[in-house]
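Model, not experiment: these values are computed from the prediction. Letters A, B, ... mirror the listed sequences (proteins, then strands); counts begin at 1.
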Protein chains: 2
Amino acid sequence: MFSQSEENYIKAIYHLATVSDKGISTNAIAKKLTTKASSVTDMIKKLSDKKVLVYKKYQGVTLTDFGKRTAANIIRKHRLWEVFLVEKLNFTWDEVHEVAEQLEHIKSPKLIDELDSFLGHPKRDPHGDPIPDKEGNLPQIQKSLLSTLEKNEKGVCVGVNDTSSEFLRFLDKQEIGLGKNIEVLDKEPFDDSFLVKINGKEMTISNKVANNIYIQKN
Amino acid sequence: MFSQSEENYIKAIYHLATVSDKGISTNAIAKKLTTKASSVTDMIKKLSDKKVLVYKKYQGVTLTDFGKRTAANIIRKHRLWEVFLVEKLNFTWDEVHEVAEQLEHIKSPKLIDELDSFLGHPKRDPHGDPIPDKEGNLPQIQKSLLSTLEKNEKGVCVGVNDTSSEFLRFLDKQEIGLGKNIEVLDKEPFDDSFLVKINGKEMTISNKVANNIYIQKN
DNA sequence: AATAATTTTTAGACTAGACTAAAAATTATT
DNA sequence: AATAATTTTTAGTCTAGTCTAAAAATTATT
């Protein structure tokens with residue numbers, strides 16, 4: 001059984017590992033959790049003793065299989081709760097994160113199994129991210145950043161990179177959201193912005209925004 | 001904002017106060033929370049500083065109005081979650097307590113408001129206990145322990161005193177539950193047991209059991 | 001009223017988790 | 001290869017919450 005703090009470290013390391021492929025540095029973890037490197041060193045030793053990760057001094061850490069399963073389970077809980085909040089309790093996609101951060105630490109296998117059934121075994125959370133299954137398998141889907149599309153390519157919005165309230169509310173305002181059809185009409189070399197058509201409406205999108213929207217091409 | 005530990009103390013003191021009317025002793029709190037009296041003294045000082053309760057050395061404690069509202073709010077959350085677990089997630093009334101103990105500490109006013117609406121503003125939890133409203137008002141209902149009924153008195157089961165799994169599962173086995181009609185056919189002076197009719201079926205009930213079932217007379 | 005029993009508080013120690021400041025190791029730069 | 005810059009670890013401190021053991025206060029009993 002892990003403490004909330006231990007779970008937060010495990011989750012952070014898991015997320016960092018999905019974008020880095022080599023060992024995760026102390027500093028990277030400290031930055032992700034807005035804590036100090038010295039605190040990370042302490043916790044890393046503890047998690048190493050608990051067989052969650054492999055640690056050699058000055059060399060960064062890697063999750064063990066056990067650590068990965070543990071992480072996937074926490075993420076599964078987080079994302080199922082997010083679905084619950086949006087589908088059943090009228091939360092918007094920019095409101096769910098903070099509460100799900102708390103709910104993910106609730107310990108009860110029955111609770112999460114029943115919640116999963118109650119929600120109809122959802123495959124994605126409100127931001128389009130896949131929900132790991134009970135065994136910790138996380139189905140990866142084919143997706144590309146909008147910023148990588150060429151002129152005349154098109155697809156459907158399947159996720160976001162930045163999940164901050166600011167960005168999500170901006171998307172709401174622009175009526176951009178999961179499931180919307182997006183086509184790149186033109187790319188502007190001057191500022192790397194995009195002219196796109198979203199559900200029939202033409203608009204210009206900055207490179208920064210295009211860098212935070214995932215598209216499944218079609 | 002209170003820590004989980006602080007919330008547990010506040011709730012324990014509130015519950016002890018509903019059955020005692022005078023100041024709550026250090027020892028009583030320690031027993032309720034299965035902790036040590038010295039730990040209770042420390043926490044009491046802290047909660048006194050935070051204006052949750054009034055404390056004079058060696059004299060027990062009393063919750064302030066603020067403390068009472070805080071307690072009612074925690075209990076409101078606990079009981080709403082219990083309703084959710086039973087009504088939506090197929091938990092039985094003996095399974096909910098442990099999980100609700102965790103869920104009651106989740107911080108989000110919107111969450112609890114929406115949960116309340118989602119459940120249709122329930123008035124009672126699965127054990128028949130009333131759910132405080134948002135202001136912390138807890139409607140008290142007229143109820144008597146089955147053990148206090150006289151021969152030929154009757155009523156309906158509206159609650160239980162002991163909420164342990166053992167007792168609740170025993171009641172399930174005997175098909176005793178909330179809403180059941182109960183009539184005292186006779187009292188046995190030898191062991192203070194009761195001959196009762198529950199939904200048409202006659203059975204004998206020990207004094208210990210009768211002491212843990214609440215009846216609304218009719 | 002004095003003594004005994006109980007309750008409560010204090011004093012000091014422990015753990016988890018975080019922090020600061022300094023030392024040690026690694027990596028980058030000249 | 002030597003020095004500078006950066007990263008990581010160590011050492012020591014702090015807080016919340018708990019504990020044990022002993023002291024102090026209160027309550028009960030003779």
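- In this structure, CD1 of B:Ile29 is placed 14 Å from P of C:dT7, rounded to the nearest angstrom.
- In this structure, A:Ser5 and A:Gln59 both approach DNA chain C, and ranking their closest nucleotides by distance from the 5' end singles out A:Ser5.
- In this structure, A:Asn8 atom CG and C:dA18 atom C1' are separated by 14 Å, rounded to whole Å.
- In the set C:dA18, D:dT9, D:dT18, the nucleotide with an atom closest to the side chain of A:Met43 is C:dA18.
- Distances were taken from every side-chain heavy atom of A:Tyr58 (C-beta onward) to each of C:dT8, D:dC19, C:dA25; the shortest belongs to C:dA25.
- With rounding to whole Å, A:Lys22 atom NZ is found 13 Å from D:dT7 atom P.
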Side chain to side chain contact (heavy atoms under 4.5 Å, CB included) between A:Thr70 and A:Val52: does it pass, once the steps are laid out?
CA-CA 8 Å; A:Thr70 304; A:Val52 170; 5.5 Å; no

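- Put simply, the residue from B:Arg79, B:Lys134, B:Arg76, B:Lys110 that forms a salt bridge (charged side-chain N to carboxylate O under 4.0 Å, His left out) with B:Asp116 is B:Arg76.
- Distance, A:Ile44 CD1 to D:dT7 C1': 12 Å, rounded to whole Å.
- Taking a 4.0 Å limit (strictly below) on heavy-atom distances, residues 34-41 of chain A reaches DNA chain C at A:Thr35, A:Lys36, A:Ser38, A:Ser39.
- A salt bridge is defined here as a Lys NZ or Arg NE, NH1 or NH2 lying under 4.0 Å from an Asp or Glu carboxylate O, and B:Arg169 with B:Glu95 fails to meet this definition.
- We find that NZ of B:Lys45 is positioned 14 Å from C1' of D:dT18, with the value rounded to whole Å.
- Atom CD of B:Glu6 is separated from atom C1' of D:dT15 by 12 Å (rounded to the nearest Å).
- Checking D:dT29 for Watson-Crick or G-U wobble geometry (two distances, each under 3.5 Å) identifies C:dA2 as its partner.
- With distances taken from any side-chain atom of B:Asn27 to the nucleotides C:dT7, C:dT9, D:dC19, the minimum falls on C:dT7.
- In this structure, C:dA21 and D:dT10 make a Watson-Crick or G-U wobble pair, each of the two defining distances being under 3.5 angstrom.
- At D:dT26, none of the side-chain N or O atoms of B:Lys57 fall inside 4.0 Å of OP1 or OP2 (strictly under the cut-off).
- Proximity of the aromatic rings of B:Phe84 and A:Phe84 is defined here by a centroid distance below 6.0 angstrom, and this criterion is met.
- For the residue pair A:Asp125 and A:His78, no side-chain donor N or O sits within less than 3.5 Å of a side-chain acceptor on the partner.
- Residue B:Asp42 places its side chain closer to D:dT18 than to any other of C:dC19, C:dT10, D:dT18.
- Aromatic ring centres of A:His127 and A:His97 lie farther apart than the 6.0 Å criterion allows.
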Test side-chain hydrogen bond (donor to acceptor under 3.5 Å, both in side chains) on A:Trp93 and A:Asp172 and set out the steps.
CA-CA 10 Å; A:Trp93 69 342; A:Asp172 284 343; 3.1 Å; yes

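- Side-chain nitrogen and oxygen atoms of B:Tyr55 include at least one within less than 4.0 Å of the OP1 or OP2 phosphate oxygen of C:dT9.
- Distances shown here put every side-chain N or O of A:Tyr9 at or beyond 4.0 Å from the OP1 or OP2 atom of C:dA16.
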